[in-house]
Peer 1: 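Pasting a structure below so you can have a look.
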There are 4 protein chains.
Amino acid sequence: MSPNRPGRPRDERVDAAILQATRVLLAEAGYAGLTVAAVAARAGIGKAAIYRRYATKQEMVFAATMHGAQVPQPPDTGSLRADLRWLAATITGMIGAPGVGGVLGGLLADMEDEAVATAMRGFAALERATIALILDRATARGELPAAPDPAFVHAVMMGAIFARLHVFGEGDREGFADDLASTVAGGLIHPAGGLPRQGDGTATPG
Amino acid sequence: MSPNRPGRPRDERVDAAILQATRVLLAEAGYAGLTVAAVAARAGIGKAAIYRRYATKQEMVFAATMHGAQVPQPPDTGSLRADLRWLAATITGMIGAPGVGGVLGGLLADMEDEAVATAMRGFAALERATIALILDRATARGELPAAPDPAFVHAVMMGAIFARLHVFGEGDREGFADDLASTVAGGLIHPAGGLPRQGDGTATPG
Amino acid sequence: MSPNRPGRPRDERVDAAILQATRVLLAEAGYAGLTVAAVAARAGIGKAAIYRRYATKQEMVFAATMHGAQVPQPPDTGSLRADLRWLAATITGMIGAPGVGGVLGGLLADMEDEAVATAMRGFAALERATIALILDRATARGELPAAPDPAFVHAVMMGAIFARLHVFGEGDREGFADDLASTVAGGLIHPAGGLPRQGDGTATPG
Amino acid sequence: MSPNRPGRPRDERVDAAILQATRVLLAEAGYAGLTVAAVAARAGIGKAAIYRRYATKQEMVFAATMHGAQVPQPPDTGSLRADLRWLAATITGMIGAPGVGGVLGGLLADMEDEAVATAMRGFAALERATIALILDRATARGELPAAPDPAFVHAVMMGAIFARLHVFGEGDREGFADDLASTVAGGLIHPAGGLPRQGDGTATPG
DNA sequence: TACTAAGCGAGACGGTACGTCCCGTCTTGTT
DNA sequence: AACAAGACGGGACGTACCGTCTCGCTTAGTA
């Protein structure tokens with residue numbers, strides 16, 4: 001931690017080699033087929049160098065796949081629907097790669113590890129900030145009477161994409177992102193029977 | 001398979017004991033803590049009896065948690081929103097139990113096993129029939145000009161619920177199902193910018 | 001047991017098929033590679049038909065390899081040495097086949113099974129009667145002052161042959177039987193330092 | 001192998017613990033009742049530590065019971081008969097313990113494993129050197145005209161003892177070693193009908 | 001220049017689960 | 001009641017992986 005602590009400093013090439021080897025092997029063998037020993041061998045390092053950095057295999061995988069995956073700033077397209085369209089494409093780009101389903105699944109299975117769960121939540125918060133920005137813009141623009149809960153929109157957008165790609169194993173059908181953006185935007189603007197807004201319980205007339 | 005094949009027939013009580021013990025131990029120890037040997041011990045049977053039925057631990061878990069989980073008939077509530085509200089509650093009831101996230105995640109991680117993937121898809125088809133019924137009713141009722149793709153609605157509904165509960169680890173917030181039903185129903189009825197219908201590429205005016 | 005007991009009588013072809021299949025598979029796979037299921041399959045019968053006849057796999061193997069192996073009458077060659085030479089050749093013929101070492105070893109390893117041990121002893125008694133006959137003849141002939149303990153001679157003759165062939169894995173060297181017969185006969189006739197006779201403790205002067 | 005190969009070196013205490021635990025459990029449960037898992041548990045180590053050293057259970061047992069069992073130097077008693085008497089007692093001490101029959105039998109049954117067979121032969125060579133020494137002394141002493149084949153004497157001595165104790169299951173009768181030494185010594189000195197010497201085919205007159 | 005502290009590759013360690021195999025018994029329907 | 005077929009409870013096998021722990025060596029900063 002401290003920059004000048006005694007002893008030999010960590011070798012940054014080792015850090016990079018671990019993450020790189022993890023990604024390569026995830027692509028080759030999938031999450032279930034990934035072993036720490038194989039990562040070490042592929043990276044040309046010892047297992048101890050991995051465990052000095054990550055407490056568990058899951059943390060290593062998380063670091064290699066999620067960590068630092070930053071959400072880009074959304075372009076202000078001028079409409080909620082187009083903004084959500086961009087968001088859908090962005091999320092698809094992040095979690096759409098084959099193998100990601102297995103990785104996320106594996107992390108999910110081990111999410112009883114509180115460490116992994118916390119990291120996952122931290123990553124979610126990043127995406128939410130972006131979503132909040134999109135929703136605030138739409139509200140300012142007058143498309144929405146009040147900003148809905150970003151967590152709700154996040155769950156719908158990301159969940160739908162994840163389910164289609166990785167749960168049902170269906171490819172990225174042309175137009176899915178369009179449909180999703182149109183439906184969610186439409187539903188937020190015209191909720192059937194009223195959609196309670198964040199922080200208030202009143203219904204919004206359709 | 002055939003009713004009168006030679007030899008001692010499978011003992012149905014063994015089938016039941018395996019599934020029951022699997023469910024109990026999943027609840028007790030979670031997916032990661034589940035052991036085939038423990039299932040056998042709890043069921044009072046031998047490991048061979050399990051492996052005679054399921055090739056891997058994953059298939060056993062799938063059978064115990066997914067297989068035969070039949071989707072009930074949707075009540076005709078008279079409105080798409082209320083039907084989707086019922087659907088959201090039903091899905092939540094099916095996948096909302098704590099631990100299911102780990103199970104689904106574990107299955108996902110092993111979904112490179114084509115067997116598990118196929119079984120998953122088969123299960124999805126069941127839910128889709130129910131969704132198609134709901135959408136057809138809404139169309140007949142005049143709420144929707146044409147029935148949307150059930151697979152799309154399925155992905156949105158199930159994905160949103162799964163993401164909220166198991167990816168983000170947020171509890172079943174009061175009103176989440178309401179919001180989801182309102183938003184999706186509203187979005188299907190009034191898609192922003194037009195929503196292509198199944199089998200045609202034309203946009204429907206909002 | 002009783003000739004006219006009720007029910008279907010045992011099928012003698014099954015008895016033969018079991019023993020035959022056991023011998024074939026012993027030759028093919030050795031004792032360690034022998035399984036009851038394989039014997040049943042090869043014999044075209046069910047496992048139960050085997051266990052109806054033999055309580056354990058060991059008993060089956062014993063029956064297939066040892067049982068009924070009757071020791072032929074020794075020709076009266078006129079000299080102890082020649083009689084023992086014949087005995088050595090006979091024993092070699094009985095236990096010399098490749099694979100017999102493994103069978104005997106396996107039986108030995110399971111000889112804590114009292115049943116197998118008893119059967120083994122019963123078989124030994126047969127050989128001993130033959131040896132006793134040879135020794136009695138030599139005594140009557142005047143070659144020996146008194147008949148030595150047949151068990152002793154049995155152990156020496158059979159043990160030497162077994163050790164050479166199966167413990168040390170040396171082939172049936174030409175002349176080994178000659179040497180053995182000459183040495184044992186010579187030693188019985190001229191024991192160094194005196195050899196106590198059966199039933200008396202006195203030494204016989206050389 | 002090489003003294004300075006990389007990595008953590010084998011722990012010699014683990015080697016010792018394995019062999020010790022194997023011997024203890026062989027005495028307690030016999031060869032058939034011996035389990036690798038039980039050895040590991042008793043030794044307080046993991047199964048992998050055993051399989052890192054021995055490819056199979058049989059190799060482990062061999063190492064624990066045979067390997068390094070060194071034959072002591074024979075005292076020069078002054079007579080072949082007394083030397084063989086000492087040899088008989090020594091062999092009895094080595095293979096006479098109850099349970100050794102099962103062990104040797106089990107090893108024999110698995111001797112199709114070439115590894116075990118080779119190891120067995122290596123062990124035999126040790127004993128033979130001792131026997132060769134005894135026979136050479138007797139030859140030098142003038143008791144024998146020429147040294148017989150040590151392998152022959154080895155087979156007779158060891159085979160007789162093994163057969164008596166473990167094949168026929170007879171205890172170590174008082175005097176058996178005496179009889180054996182007297183007979184073999186007498187037979188070597190006065191072979192009936194001539195005993196071909198090592199390397200020549202001529203008969204020695206009695 | 002030496003000393004100290006930590007990092008490094010390599011791989012052994014205790015532990016645990018896997019999926020396979022076999023034993024000896026039991027349960028079908030058939031002969 | 002014996003038969004062929006094969007499922008059953010039980011349990012050992014040998015493999016694989018996890019996360020920890022030594023080895024001997026290297027690489028900095030400190031004295």
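Quick caveat, the model's predicted, so the values are computed rather than measured. Here is the naming used below: chain letters follow the sequence lines, and residue numbers restart at 1 for every chain.
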Peer 1: On DNA chain E, nearest-nucleotide positions of Ala43(A) versus Gly44(D): which is more 5'?
Peer 2: Ala43(A)
Peer 1: For Leu25(D) and dA12(F), give me the distance from atom CG to atom P, rounded to whole Å.
Peer 2: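 The distance from CG of Leu25(D) to P of dA12(F) comes to 12 Å, rounded to the nearest Å.
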Peer 1: Salt bridge or not between Asp15(A) and Arg10(A)? Use side-chain N to carboxylate O under 4.0 Å.
Peer 2: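 No, Asp15(A) and Arg10(A) are not salt-bridged.
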Peer 1: What is the nucleic acid contact for Arg13(B), judged by heavy atoms within less than 4.0 Å: base, sugar-phosphate only, or nothing?
Peer 2: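 Arg13(B): no heavy atom of the nucleic acid under 4.0 Å.
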Peer 1: Any chance you could list the contact pattern along nucleotides 16-23 of chain F? Use B for base contacts, S for sugar-phosphate-only contacts and - for none, protein heavy atoms under 4.0 Å, 5' to 3'.
Peer 2: -SSBBBBB
Peer 1: Rounded to whole angstroms, how far apart are CD1 on Ile45(C) and C1' on dA5(F)?
Peer 2: 12 Å
Peer 1: Provide, to the nearest angstrom, the distance between the CD1 atom belonging to Ile50(C) and the C1' atom belonging to dA4(F).
Peer 2: 12 Å
Peer 1: What are the 5'-most and 3'-most nucleotides of DNA chain E lying under 4.0 Å from any heavy atom of chain B?
Peer 2: dA17(E) to dT28(E)
Peer 1: Within this structure, what is the OH-CG distance for the pair Tyr54(B) and Leu19(B), rounded to the nearest 0.5 Å?
Peer 2: 4.0 Å
Peer 1: Between Asp15(D) and Arg10(A), just flag the one whose closest nucleotide in DNA chain E comes earlier from the 5' side.
Peer 2: Arg10(A)
Peer 1: Closest approach of Ala40(D) and Gly46(D), non-hydrogen atoms and distance?
Peer 2: CB-C, 4.0 Å
Peer 1: Could you check if a side-chain atom of Lys47(A) sits within less than 4.5 angstrom of a side-chain atom of Ile50(A), using non-hydrogen atoms only?
Peer 2: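 No. Closest side-chain heavy atoms not under 4.5 Å.
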Peer 1: Examine Lys57(C) relative to Tyr31(C) and say whether NZ or CZ is less than 6.0 Å from the centre of the six-membered ring and inside a 45° cone about the ring axis.
Peer 2: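 Yes.
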Peer 1: Any sub-3.5 Å donor-acceptor pair from His166(B)'s side-chain atoms to Ile95(B)'s backbone N or O?
Peer 2: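 Yes.
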Peer 1: Considering only NZ, NE, NH1 and NH2 on the basic side and carboxylate oxygens on the acidic side, decide whether Arg23(C) and Glu28(C) come within less than 4.0 Å.
Peer 2: no
Peer 1: For the residue pair Val61(B) and Gln58(B), establish whether any side-chain heavy-atom pair is separated by less than 4.5 Å.
Peer 2: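 No, side chains not in contact.
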